[in-house]
Enquirer: 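One structure follows; several queries about it will come next.
All residue numbers refer to positions in the sequence shown, counting from 1. Side chains included, hydrogens not; waters and symmetry mates left out as well; all remaining heavy atoms used.
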Amino acid sequence: MELSESEFLQHYLQNSQHMMWFLGAGASRTAGLATASDIIWDLKCRYYCRCENQDLKSHDINNSAIKQKIQSYLDSQGFPALWSPEEYSFYFDLTFDDDYVAQQKYISEALASDKVSLNIGHRVLAALIELALTRIVFTTNFDDVLEIAYSNVSGKNLSTYHLEGSYAALVALNAERFPIYAKIHGDFRYQNIKNISADLRNNDQEIQKCFLAAGTRYGLIVSGYSGRDENVMTMLREAVNQNNAFPHGLFWTVPRFSDATEIVRDFITYALNKGVRAHIVESGTFDEMLSKIWRQVEAKPQALDAKVRTSSATKVSIPLPKQGNKFPILRTNALPVMALPARCGSIELVGSFTFSDLIEKKKELSPTAVLTYTDRILFWGDEKESAKLLPKEKIKTIQSFDFNNAAQCVADSSFLKSFFEEALVTAICTNRPLFIRRGKGHSYFAVVRPSQPDRLRVFRRYGLVGGKRCLLPPEATS
């Protein structure tokens, strides 16, 4: 049932044009967007605060005690049990009733394009589509992350088949008019949210017909999907029941084998019993998996590669400023970094958490540590300082985390690039009469503390006044 990552990568690279993708909300998590679970808890909190006349801002749903209080109240009202399939549509109806304009506005704000922070995963998938190495992608997501990534990488628009245009998806498949990007909307119970007509319900079935037809011609890679939506799982079982189902294999990817739910394991067993080559693959995050795939793709056009790997090593030539007596007095062109750290701390969590949640917690508690979030919290600094961001019951484990290739990680992930940069600046300023100020974009400034009497001596000794300029090893990001 379980397959190693190297075996999966080998199979994918040999059969990429014969593999289609199925993306769940987890694939968009690293782009900074809310998942279905996040939205459910937000709706619960809004309802509770409205009924109990509580201040919404004071109820942090990342706090387990607050979550427990809210859930206990909802349970006392006889509402759907925690994690039941009915929760999403129930709380949407409870919050918005038949105000479909307000429903749509809420979803649009939660998944707004200006909240998207493109990471390498979606840029790679967009590039694979542009190279015709990926022809078909299905998703349960509402967001426009892949469309934005495709536009940035290729300079073109990615046409999307959704409920209003689903009838054309099967026609496009049969005519081999690729790429095909189809939105099923299973996780979000689209039918309930918009109270759509019977015609639109049939259109949803049209997309499923396209998926079933593709299932007899292509293999399938599932990523970022937990399997908790019965509508989608029913469709997947129907696909497995067909003759010649997924002829190039079925691969369900998870960050860790332990993340594979019982639903997923039962489905893979069901597929194996039907004679399908089906496996669970421990692939790391969506970004990690796609970056590994991209490294192995041969004959990548240089211009396309530059759009995918937006962070890359480049030679810089920064002219020295003219002499004068105004700021900056002295600026260094580069601070050579001879090696990057290969290990940091790691906090694995229980339940949902996002990069946005981490940012809010850092603003609120100001820990003396450098932190980021991928599929877990990564940190440099004191363990207690990092752990104080979360209640104890939300922390699964705290342990060390090794980077296989730190320079490549920096190049592949904007989150990790910022993580290393912040750590570098913090290290430079620690135990020195300097404090850090962040400028526009990704610039840092090391500023002399006003209490220091001999500022000029500090300038000359540390060579730090203006924007940070770092020279990383040749294989890393500059």
Side-chain angles (χ1 to χ4, degrees), residues 311 313 316 318 321 327-347 355 357-374 376-390 395 398-403 405-411 413-478:
S311 299
V316 296
I318 305 172
F327 179 88
I329 298 174
L330 178 67
R331 176 182 299 175
T332 59
N333 277 349
L335 296 171
V337 178
M338 307 312 295
L340 293 176
R343 174 173 292 184
C344 69
S346 166
I347 304 177
F355 185 75
D357 296 333
L358 178 63
I359 296 300
E360 290 301 317
K361 283 294 184 183
K362 287 172 66 176
K363 289 180 180 178
E364 177 186 349
L365 300 173
S366 300
T368 54
V370 177
L371 305 102
T372 192
Y373 183 78
T374 54
R376 68 195 77 192
I377 290 177
L378 300 179
F379 68 89
W380 277 303
D382 186 80
E383 178 181 307
K384 293 181 180 178
E385 283 291 305
S386 303
K388 77 179 185 181
L389 298 178
L390 303 158
I395 298 174
I398 300 179
Q399 55 191 1
S400 61
F401 179 85
D402 293 323
F403 295 101
N405 185 334
Q408 190 63 56
C409 290
V410 169
S413 171
S414 59
F415 288 143
L416 291 179
K417 180 175 181 289
S418 296
F419 183 51
F420 276 80
E421 285 181 344
E422 184 180 352
L424 174 61
V425 176
T426 302
I428 290 172
C429 296
T430 298
N431 297 326
R432 295 183 172 94
L434 304 166
F435 61 91
I436 302 168
R437 285 287 181 266
R438 186 158 188 171
K440 294 182 179 180
H442 300 287
S443 297
Y444 287 92
F445 294 85
V447 182
V448 179
R449 295 187 181 279
S451 59
Q452 298 300 315
D454 189 357
R455 299 186 184 184
L456 186 58
R457 176 181 60 80
V458 175
F459 288 146
R460 289 174 175 165
R461 181 177 178 186
Y462 301 115
L464 291 167
V465 175
K468 168 185 66 66
R469 301 286 184 181
C470 301
L471 181 62
L472 299 182
E475 69 274 19
T477 301
S478 68

Enquirer: Just verifying a value: how many Å separate Leu378 CG and Ser400 OG, rounded to the nearest 0.5 Å?
Expert: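 The OG atom of Ser400 is 11.5 Å from CG of Leu378, to the nearest 0.5 Å.
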
Enquirer: What heavy-atom pair brings Ile398 and Ala387 nearest, and what distance separates the two atoms?
Expert: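 Looking at all heavy atoms of both residues, the shortest contact is CD1-CB, 4.0 Å.
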
Enquirer: Identify the heavy atoms of Ala406 and Pro341 that sit nearest to each other, and give their distance.
Expert: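 Residues Ala406 and Pro341, closest heavy atoms: CB-O, 3.5 Å.
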
Enquirer: Show me the donor-acceptor pairs within less than 3.5 Å that the side chains of residues 358-368 make with the rest of the protein, sequence neighbours left out.
Expert:
unit_1, atom_1, unit_2, atom_2, d
Lys361, NZ, Asp60, OD2, 2.6
Thr368, OG1, Glu385, OE1, 3.1

Enquirer: Quick check: do Ile377 and Leu390 have side-chain heavy atoms less than 4.5 Å from each other?
Expert: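 They are in side-chain contact.
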
Enquirer: Mind checking ring pair (Phe, Tyr, Trp, His ring centres under 6.0 Å) for Phe420 and listing every partner two or more places apart, or none if nothing turns up?
Expert: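 Counting only residues at least two positions away or on another chain, Phe420 forms a ring pair (Phe, Tyr, Trp, His ring centres under 6.0 Å) with Trp380, Phe403.
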
Enquirer: Where is the tightest heavy-atom contact between Ile436 and Cys429, given as atom of each residue plus distance?
Expert: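 Nearest heavy atoms, Ile436 then Cys429: CG1-SG, 3.8 Å.
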
Enquirer: Evaluate the side-chain proximity of Leu389 to Ile347: yes if any heavy-atom separation is below 4.5 Å, no if none is.
Expert: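 Ile347 vs Leu389: side chains apart.
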
Enquirer: Is any side-chain heavy atom of Ser418 closer than 4.5 Å to one of Thr372?
Expert: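 When only atoms from C-beta onward are counted, Ser418 and Thr372 do not touch, as no gap falls below 4.5 Å.
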
Enquirer: Got a sec, which residues hit salt bridge (charged side-chain N to carboxylate O under 4.0 Å, His left out) with Lys384, two or more places apart in sequence or on another chain?
Expert: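 Expected list: none.
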
Enquirer: Between CD of Gln399 and CZ of Phe401, what distance do you get to the nearest 0.5 Å?
Expert: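 So the gap between those two atoms works out to 10.0 Å.
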
